[in-house]
There are 2 protein chains.
Amino acid sequence: MADHADEEAPLPLPATSWAVLGLLSFGAELSGYDLKKWADASLRYFYWSPSFSQIYAELRRLEAAGCATSRLVTPEAGARPKRLYRITDAGLAAVRTWARQAPVDPPMLKHPPLLRLWLGHLAEADDLRGTLDAHRADAERLRARAAADLALAADEPDWAYPLLALRWSERYYAAQAELAAGLRADLDAMLAARGERRATRADQG
Amino acid sequence: MADHADEEAPLPLPATSWAVLGLLSFGAELSGYDLKKWADASLRYFYWSPSFSQIYAELRRLEAAGCATSRLVTPEAGARPKRLYRITDAGLAAVRTWARQAPVDPPMLKHPPLLRLWLGHLAEADDLRGTLDAHRADAERLRARAAADLALAADEPDWAYPLLALRWSERYYAAQAELAAGLRADLDAMLAARGERRATRADQG
DNA sequence: ACTAACATGTAAAGCGTTACATGATTTA
DNA sequence: TAAATCATGTAACGCTTTACATGTTAGT
């Protein structure tokens, strides 16, 4: 039976569960708080970082499914105890099966700045310009953060794959900034052309 | 009071409501089915396209809020009636206020192919290569679809802003394909270096 | 006549967030 | 010692999807 583990269907867990179990699959014993911090520093560039409460719920679910175990640790007498989670052998086998066999969903993008521009006929031109400029600045900030996190993680042989993901992330946010700049230019060109057309009509009429 | 409409706080509706009301703000009288089709052809490139049931629920909500009205239309005697929705003056004012004043949330990305790569230590190299290649092909398909939709919408003066969004979308998916190619190259280089290091160690040991 | 695709919804289940509650630790 | 921040959770709410139910139209 153990020989056929890779051929069994993956456990029916939501993607967020696999992300959390994936964090644990690197081997460390972590608290919910630790996991949230780590997710913010790595996953969030290409996968949204779940909230604390979501992480705590996922950990309870993973433990109930036998994919993780937990123990209460009290640092000092009288201090508040914390619960540390560690992946189990069954959990490691499950996440391996998932990583090799589960279908890969398509990327999902929710881009509020673009939604605003798409409804540009409802706003003022300066509002739109401001929205795009702010979005571009955000993208550049994220690119810089990814570059910084990349420098921190470099040369750690265990993190070769997270490092690839970080390199991709830095390029992704650089591309986002460039796309924002291009869109800003297109918007200005469109508005200029529209203004000229209106002026021409006014001259004729 | 009417003069101050732009200074009032936007109605507390979720982003999806505004997206649907935004579709209606172009002026057409549409059914839930029409709206879904239109969302699939325009919004989905930069904003996920809500499901049918979600759209129907949003329409009911918008009507309850006074932002839209509906009427039942029976094409022929005995045929199944359909409900058509149209934006109201109050709805137009509300979506204008939202478009000008509501804060713009940051883009949200959920990228399962990258999540798989990030957990590359759990899978086989060929699985990862296949995942990346499939992702690249998907991105190129979406780029081509955006280009096609762009050609359909061009030269419609009312769709100037949707056109800008479509141009951005085409570039976005082109960039996605390039990023996938770059990541594939990085992966191959990493695996080659690892293989050489392992071979070197084997020679020495 | 049968099938597939089109079309319009409803109901239930689950995902995920915000708000809340609590206590420890640091800083002013 | 007061405030701010860190840290660990719980509970309630609302968004979103999947599955289901139902009827119509068009092709074969």
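So you know, we letter chains A, B, ... as the sequences are listed, proteins then strands, and number each from 1.
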_Passing candidate, side-chain contact (heavy atoms from CB on, under 4.5 Å) with B:Ile87, options B:Leu92, B:Thr69, B:Leu62, B:Leu30_ = B:Leu92
*B:Pro14 side chain: which of D:dC15, D:dA7, C:dT10 is closest?*
D:dC15
*Can you check whether B:Lys82 has a side-chain N or O nearer than 4.0 Å to OP1 or OP2 of C:dA7?*
no
_Inter-residue atom distance B:Leu13.CG - B:Glu58.CD, 0.5 Å rounding_ = 8.0 Å
*With respect to the side chain of B:Tyr33, which nucleotide from C:dG9, D:dG9, C:dA7 is positioned closest?*
C:dA7
_Atom-pair distance (CE on B:Met108; C1' on D:dT16), nearest Å_ = 12 Å
*Calculate, to the nearest 0.5 Å, the distance between atoms CZ and CG belonging to B:Arg44 and B:Leu142 respectively.*
5.5 Å
*For the pair made of OH in A:Tyr85 and C1' in D:dT8, what is the distance, rounded to whole Å?*
11 Å
*State whether A:Arg136 and A:Asp133 are salt-bridged, where the test is any N-O pair (Lys NZ or Arg NE/NH1/NH2 against Asp/Glu carboxylate O) under 4.0 Å.*
no
*May I ask you to say whether A:Arg129 pairs ionically with A:Asp188, meaning some side-chain N is under 4.0 Å from a carboxylate O?*
yes
*Round to a whole Å and report the spacing from OH of A:Tyr56 to P of C:dT18.*
16 Å
_Quick check for you: among D:dG9, C:dG16, D:dC15, whose closest atom lies nearest to any side-chain atom of B:Gln54?_
D:dC15
_Rounded interatomic separation in angstrom, taking CG from B:Leu59 and P from C:dT8_ = 11 Å
_If I take atom CG in residue A:Leu35 and atom P in nucleotide D:dG9, what distance separates them, rounded to the nearest angstrom?_
11 Å
*Kindly point out which of D:dT16, D:dA7, C:dT8 is positioned nearest to the side chain of B:Thr16?*
D:dT16
*Distance in angstrom units between A:Leu43 CG and C:dG16 P, rounded*: 13 Å
*Name the closest nucleotide to the A:Arg60 side chain, picking from D:dT10, C:dT8, C:dC15.*
D:dT10
*Could you tell me the separation between the CG atom of A:Leu13 and the C1' atom of C:dG14, rounded to a whole number of Å?*
13 Å
*Give a yes/no answer on whether the side chain of B:Arg61 brings an N or O atom under 4.0 Å of OP1 or OP2 in D:dC15.*
yes
_Earlier contact from the 5' end, DNA chain C, for B:Ser53 and B:Lys110_ = B:Ser53
*Find the distance A:Lys37:NZ to D:dG9:C1' and express it as a whole number of Å.*
16 Å
*asked:* With a cut-off of less than 4.0 Å, is there a side-chain N or O of B:Trp48 near OP1 or OP2 of D:dT16?
replied: no
